[in-house]
A.B. asks: 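Please see the structure below; I have some questions.
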Amino acid sequence: MSISPESIIIALDYPSISDAMKLLQQLEGYPVWVKVGMELFYGDGPGIVYAAKERGFRIFLDLKLHDIPNTVEKAMKVLCKLPIDMVNVHAAGGSEMMKRASGAVKSSLSSPSLLAVTQLTSTTTEQMNVEQRIPGNIQESILTYSRLAQESGCDGVVCSPHEVPIVKDSLGKSFLTVTPGIRPSSEDYWDQKRVTTPLEAIKLGTNYMVIGRPITGAMAPRTALEDLLKGSL
């Protein structure tokens, strides 16, 4: 079973734009997405967004905005001036915050897809119960956040692959799911808890898979990507 490169989001989890550019040069020509997260964006600013876009990559700006509604709305208006294709907020910020973010996104010229982060893939049910004081299991929490996100104007959610079926069954196939926690079966899980292999994630119905170290940490990233697309990673 092969995997479409358009379903792959490569996480540019690097400390500097020079490191990220080395990877982009190796992957240029493949229609994959790239994810610009906090470390790279806060360290080097929006330059990497423009550089990646110029090389034909679609961009997921992963800053997980979470603040009072007015602050998030204003921040989103600024971020949407960048050539981004996807951006996110934390669903825990609430419906009003997500509605304001959605309004800012939809009124922008670029109008990227807006996602809401549900529960991080590093979070366990026990952590959620004890530390967040949210009862029940993690799947229930994720579905609740997902419903709230959809009602608030978001285009989809970030969740682990394991929750994709319940999200799609409840909210419709067109509601997007972006799934971190993707690891080859031979890899260490690092700080991720709820993980799957790339093929398992596709079978579970996810739209996009975020993949970092299996590609970025490989000796030959382009070869690792090609192996993944062939379903052999």
A.B. asks: How long is the straight-line distance from CD1 of Ile59 back to CD1 of Ile48, given to the nearest 0.5 Å?
C.D. replies: 8.0 Å
A.B. asks: Would you name the heavy atoms of Tyr145 and Ala91 that are closest together and state the gap between them?
C.D. replies: CD2-CB, 3.7 Å
A.B. asks: Nearest 0.5 angstrom please: Ile142 CD1 to Ser160 OG, how far?
C.D. replies: 5.5 Å
A.B. asks: Is it the case that one hydrophobic cluster holds both Leu204 and Phe175, taking links as side-chain heavy atoms less than 4.5 Å apart, direct or via other members?
C.D. replies: no
A.B. asks: Check for me, please, whether Met76 and Leu63 land in the same ILVMFWY cluster - side-chain distances under 4.5 Å, paths through other members count.
C.D. replies: yes
A.B. asks: Tell me every residue that passes ring-ring contact (aromatic ring centres under 6.0 Å, His included) with Tyr208, counting only those two or more places apart in sequence or in another chain.
C.D. replies: Trp33
A.B. asks: Under a 4.0 Å N-O cut-off, is there an ion pair linking Lys35 with Asp13?
C.D. replies: yes
A.B. asks: Side-chain heavy atoms under 4.5 angstrom apart, residues restricted to Ile, Leu, Val, Met, Phe, Trp, Tyr: same cluster for Val78 and Val72?
C.D. replies: no
A.B. asks: Passes side chain to side chain contact (heavy atoms under 4.5 Å, CB included), Leu115 versus Cys154? Steps please.
C.D. replies: CA-CA 6 Å; Leu115 305 176; Cys154 294; over 6 Å; no
A.B. asks: Please determine, by modelled atom types, if Thr179 and Thr206 share a side-chain donor-acceptor pair under 3.5 angstrom.
C.D. replies: yes
A.B. asks: Please confirm whether the backbone N or O of Asn129 pairs with a side-chain atom of Arg133, one donor and one acceptor, at under 3.5 Å?
C.D. replies: no
A.B. asks: Can you list the steps and then say if Val105 with Val87 is a side chain to side chain contact (heavy atoms under 4.5 Å, CB included)?
C.D. replies: CA-CA 9 Å; Val105 165; Val87 66; 4.3 Å; yes
A.B. asks: Considering only heavy atoms from C-beta outward, does the side chain of Ser141 approach that of Met128 to under 4.5 Å?
C.D. replies: yes
A.B. asks: Compare all side-chain heavy atoms of Ile9 with those of Phe57 and state whether any distance is below 4.5 angstrom.
C.D. replies: no
A.B. asks: Has Glu140 got a side-chain atom pairing as donor or acceptor with Asn137's backbone, closer than 3.5 angstrom?
C.D. replies: yes
A.B. asks: Check whether Lys64 reaches the backbone of His90 with its side chain - one donor and one acceptor, N or O, closer than 3.5 Å.
C.D. replies: no
A.B. asks: If you count heavy atoms of other groups shown closer than 6.0 angstrom to NZ of Lys106, is the number above 12?
C.D. replies: yes
A.B. asks: Side-chain heavy atoms nearer than 4.5 Å, only ILVMFWY residues, links allowed to pass through others: does that put Val210 and Leu120 together?
C.D. replies: yes
A.B. asks: Roughly how far, to the nearest 0.5 Å, is the CD1 atom of Ile84 from the OG atom of Ser108?
C.D. replies: 7.5 Å
A.B. asks: What's the separation between atom CG in Leu79 and atom CG in Leu65, rounded to the nearest 0.5 Å?
C.D. replies: 6.0 Å
A.B. asks: Just distance, no hydrogens or angles: give the donor-acceptor pairs under 3.5 Å from side chains in residues 23-31, sequence neighbours left out.
C.D. replies:
residue: Tyr30; atom: OH; partner: Glu226; partner atom: OE2; Å: 2.9

A.B. asks: Within this structure, what is the CG-CG distance for the pair Leu228 and Leu199, rounded to the nearest 0.5 Å?
C.D. replies: 8.0 Å
A.B. asks: Check for a donor-acceptor pair, side chain of Glu200 on one end and backbone N or O of Thr197 on the other, with a separation under 3.5 Å.
C.D. replies: yes
A.B. asks: Under the side chain to side chain contact (heavy atoms under 4.5 Å, CB included) rule, what do Val178 and Val157 come out as? Steps first, then yes or no, please.
C.D. replies: CA-CA 6 Å; Val178 173; Val157 292; over 6 Å; no
A.B. asks: Is there side-chain contact between Pro221 and Thr216, with heavy atoms separated by less than 4.5 Å?
C.D. replies: no
A.B. asks: Could you walk me through whether Gln119 and Glu163 pass side chain to side chain donor-acceptor pair (under 3.5 Å), step by step?
C.D. replies: CA-CA 10 Å; Gln119 290 285 355; Glu163 290 85 48; over 6 Å; no
A.B. asks: Tell me, with the steps shown, if Asp85 and Lys53 meet salt bridge (charged side-chain N to carboxylate O under 4.0 Å, His left out).
C.D. replies: CA-CA 10 Å; Asp85 303 280; Lys53 179 61 71 171; 2.7 Å; yes
A.B. asks: Are Met209 and Ile215 connected, step by step, through hydrophobic side chains (Ile, Leu, Val, Met, Phe, Trp, Tyr) whose heavy atoms are closer than 4.5 Å?
C.D. replies: yes
A.B. asks: Tell me, do Phe41 and Asp62 make a side-chain contact under 4.5 Å, heavy atoms counted?
C.D. replies: no
A.B. asks: Please step through side chain to side chain donor-acceptor pair (under 3.5 Å) for the pair Ser95 and Ser152, ending with a clear verdict.
C.D. replies: CA-CA 6 Å; Ser95 60; Ser152 302; 4.8 Å; no
A.B. asks: Within the structure provided, determine whether Val89 and Met98 are in side-chain contact (heavy-atom separation under 4.5 Å).
C.D. replies: yes
A.B. asks: Quick check: do Ile211 and Ile8 have side-chain heavy atoms less than 4.5 Å from each other?
C.D. replies: yes
A.B. asks: Would you give the length of the straight line joining atom NE2 of His162 to atom OG1 of Thr196, rounded to the nearest 0.5 angstrom?
C.D. replies: 6.0 Å
A.B. asks: Let's go through Lys173 and Asn207 carefully: what are the C-alpha distance in whole Å and the side-chain angles of both, what is the deciding distance for side chain to side chain donor-acceptor pair (under 3.5 Å) to 0.1 Å, and is it a yes or a no?
C.D. replies: CA-CA 9 Å; Lys173 302 298 182 185; Asn207 297 101; over 6 Å; no
A.B. asks: Are the side chains of Ser170 and Leu143 in touch, meaning some heavy atoms are under 4.5 Å apart?
C.D. replies: yes
A.B. asks: Going through the distances and angles, do Met86 and Asp155 end up as a side chain to side chain contact (heavy atoms under 4.5 Å, CB included)?
C.D. replies: CA-CA 10 Å; Met86 193 180 286; Asp155 301 296; over 6 Å; no
A.B. asks: Hey, are the side chains of Asn88 and Phe60 touching, using non-hydrogen atoms and a 4.5 Å cut-off?
C.D. replies: yes
A.B. asks: In chain order, what residues pass the side-chain contact (heavy atoms from CB on, under 4.5 Å) check against Glu73, with sequence neighbours excluded?
C.D. replies: Asn70, Lys77, Arg100, Ala104
